[in-house]
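The structure under discussion appears below in the form of structure tokens.
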Amino acid sequence: MSATVWALSLAHEIGGSPEGLAAALARLSTGLSEAEADRLCGYRRPEDALRFAAGRALVRSLVLDVQDQAAPHPVRAKDIVFGQRRGTTKPVLAEQCRGLVRGVADFNISHDGDWVLAGVAGRGAIGVDVARVFCPEDMGDREYIGEFETQLSAREAAWLLERSTDRLRDFYRIWTAKEAYVKATGAGIAAIDLRTIDVALPHAGKAMCVQAGGEDAPFAFETGVLGDGGYVFCVASAPGVARAIRTVGIGDVERCLIPAR
Ligand SMILES: CC(C)(COP(=O)(O)OP(=O)(O)OC[C@H]1O[C@@H](n2cnc3c(N)ncnc32)[C@H](O)[C@@H]1OP(=O)(O)O)[C@@H](O)C(=O)NCCC(=O)NCCS
């Protein structure tokens, strides 16, 4: 049992043209359910539609990738239907396809700007989060981070304001870890006081450590950067589950989505 995360750079695939975007959207819409296709039509900005379609396509391709497609009734993209975990907005495999799909205990999606991430776990829960490393032009990073003061633990604030040598990037690494935790639980960001999630980034040979409500979080965390370092991500998954993180292209996604026979 392992956890696999695929990361897709949309800018790299689109090449900056509206035609490139439309072509990518068409390629990534394979397997969308009727409800998802309706939602796709509701997006006013084509970039948002593309990020949504790409997230769903990445998850479906990952789910298909872990199936044994030599089985008598191979799973198809359209067989993978999503519902919501009870009492939350977290997408999960719908009841009707749980019997069909093997080796998938949980999945999660994140998108921001150019990057879309999807993770699938064979055991336990998974939460993924990606964020662009950003600071408004008219603000210094100290001032910007200060705006999030009420959502940072005392240890995080001390690290960012007194010790970090890469303050803005470290802020986003902490932030994505908080979000990955929240998304693994499925609770939703509004239901949790983010100050109570306390992230210690890996440093001086010590591993990353996350506490929630004063207890060790029941997940192992991995933080990293994407592309040229302009984006950071974090994955929260069950401890002891091997993790693999891979950058993919639309061609890789299509190879999984569109059956060869
Ligand atoms: C889920 C949440 C943390 C996402 O944060 P974000 O950084 O804005 O967005 P991301 O791109 O990282 O993640 C979005 C994806 O998370 C997934 N998601 C949605 N709700 C989720 C939840 N409760 N837990 C985990 N993942 C969730 C979806 O796949 C979504 O992408 P999609 O709709 O395109 O498929 C945030 O939007 C949230 O808390 N939502 C819940 C809202 C809620 O609870 N509302 C109830 C009334 S307040």
Side-chain angles (χ1 to χ4, degrees), residues 3 5-10 24-25 28-63 77 80-94 104-121 124-134 148 151 171-197 199 210 212 217-219 221-224 226 231-238 245 253:
V5 177
W6 282 1
L8 174 71
S9 163
L10 293 171
L25 185 56
L28 289 166
S29 298
T30 306
L32 288 182
S33 68
E34 242 173 73
E36 287 169 327
D38 284 349
R39 188 170 152 189
L40 194 68
C41 293
Y43 283 105
R44 274 194 283 169
R45 298 186 337 144
E47 302 81 12
D48 291 335
L50 181 61
R51 279 187 277 271
F52 169 69
R56 300 301 169 114
L58 266 183
V59 159
R60 283 196 170 87
S61 54
L62 260 169
V63 169
I80 304 167
V81 182
F82 304 132
Q84 288 185 339
R85 189 191 289 176
R86 193 180 303 232
T88 79
T89 58
K90 182 168 182 166
V92 291
L93 288 175
V104 176
D106 194 25
F107 67 83
N108 200 225
I109 296 168
S110 182
H111 31 65
D112 191 24
D114 289 342
W115 284 90
V116 182
L117 242 69
V120 163
I126 185 166
V128 298
D129 195 61
V130 60
R132 182 163 76 94
V133 178
F134 157 85
F148 297 87
Q151 286 145 296
F171 166 70
Y172 280 102
R173 291 166 85 204
I174 287 172
W175 194 264
T176 53
K178 286 174 188 274
E179 291 238 17
Y181 169 83
V182 169
K183 295 180 74 183
T185 65
I189 211 94
I192 293 187
D193 177 356
L194 288 179
R195 248 178 328 187
T196 65
I197 304 166
V199 180
V210 178
F219 305 113
F221 291 79
E222 183 165 342
T223 174
L226 291 168
Y231 287 76
V232 298
F233 70 90
C234 188
V235 181
S237 55
I245 296 165
V253 173

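Remember, it's 1-based here, ligands and their atoms both numbered in the order they're listed.
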Sequence neighbours left out, what passes side-chain contact (heavy atoms from CB on, under 4.5 Å) with R195? Give chain and number order.
->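 Counting only residues at least two positions away or on another chain, R195 forms a side-chain contact (heavy atoms from CB on, under 4.5 Å) with D193.
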In the protein, what heavy atom is nearest to [atom], and what distance, to one decimal place, separates them?
{"atom": "atom 48 (S) of ligand 1", "result": "A190 CB, 3.8 Å"}
{"atom": "atom 13 (O) of ligand 1", "result": "K183 NZ, 2.8 Å"}
{"atom": "atom 43 (C) of ligand 1", "result": "T89 CG2, 4.3 Å"}
{"atom": "atom 44 (O) of ligand 1", "result": "G188 CA, 4.0 Å"}
{"atom": "atom 34 (O) of ligand 1", "result": "H111 NE2, 2.8 Å"}
{"atom": "atom 33 (O) of ligand 1", "result": "R39 NH2, 2.7 Å"}

Donor-acceptor contact present, side-chain [X] to main-chain [Y], <3.5 Å:
{"X": "S110", "Y": "L117", "result": "no"}
{"X": "K183", "Y": "G188", "result": "no"}
{"X": "D106", "Y": "G124", "result": "no"}

Which ligand 1 atoms, with their elements, are less than 4.0 angstrom from a heavy-atom of G186?
->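 Answer for ligand 1: 22 (C), 23 (N), 24 (N).
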One finds that the ligand 1 atoms under 4.0 Å from a non-hydrogen atom of D129 are 7 (O), 12 (O)
Aromatic centroids of F233 and W115 separated by under 6.0 Å | no
Assess [X] for proximity to ligand 1: is some non-hydrogen atom of it under 4.0 Å away?
{"X": "N108", "value": "yes"}
{"X": "R51", "value": "no"}
{"X": "D112", "value": "no"}
{"X": "P91", "value": "yes"}

Check step by step if side-chain contact (heavy atoms from CB on, under 4.5 Å) holds for C234 and V128.
-> CA-CA 6 Å; C234 188; V128 298; over 6 Å; no
Is at least one protein non-hydrogen atom found at under 4.0 angstrom from [atom]?
{"atom": "atom 37 (O) of ligand 1", "value": "no"}
{"atom": "atom 41 (C) of ligand 1", "value": "yes"}
{"atom": "atom 30 (C) of ligand 1", "value": "no"}
{"atom": "atom 11 (O) of ligand 1", "value": "yes"}
{"atom": "atom 46 (C) of ligand 1", "value": "no"}

Please determine if V128 has a nitrogen or oxygen closer than 3.5 Å to a nitrogen or oxygen of ligand 1.
-> no
Compute the shortest N/O to N/O distance between Y43 and ligand 1 and return yes if it is under 3.5 Å, no if not.
-> no
Considering only NZ, NE, NH1 and NH2 on the basic side and carboxylate oxygens on the acidic side, decide whether D129 and K178 come within less than 4.0 Å.
->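 Here D129 does not pair with K178 in a salt bridge, since their nearest N and O are not under 4.0 Å apart.
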Identify whether the distance between the nearest side-chain nitrogen and carboxylate oxygen of E36 and R60 falls below 4.0 Å.
->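 Salt bridge: yes.
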Give the intermediate values and the outcome of ring pair (Phe, Tyr, Trp, His ring centres under 6.0 Å) for residues Y231 and Y172.
-> CA-CA 9 Å; Y231 287 76; Y172 280 102; 9.6 Å; no
Heavy atoms only: give me the nearest [X]-[Y] pair and the separation to one decimal.
{"X": "G55", "Y": "A118", "result": "O-CB, 4.4 Å"}
{"X": "A187", "Y": "I192", "result": "CB-CD1, 3.9 Å"}
{"X": "V130", "Y": "D112", "result": "O-CB, 3.6 Å"}

Hey, is E179 touching ligand 1 through its side chain, its backbone, both or neither, going by heavy atoms under 4.0 Å?
-> side chain
Any idea which of R85, R56, Q84 brings a heavy atom closest to atom 35 (O) of ligand 1?
->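 Ranked by closest heavy atom to atom 35 (O) of ligand 1, first place is R56.
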Ignoring hydrogens, just give me the one of I109, T185, I189, V59 whose non-hydrogen atom is nearest atom 15 (C) of ligand 1.
-> I109
Ring geometry between Y43 and F52 (parallel below 30°, tilted from 30 to 60°, perpendicular above 60°) =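 Because their plane-to-plane angle lies in the 30° to 60° range, the rings of F52 and Y43 count as tilted.
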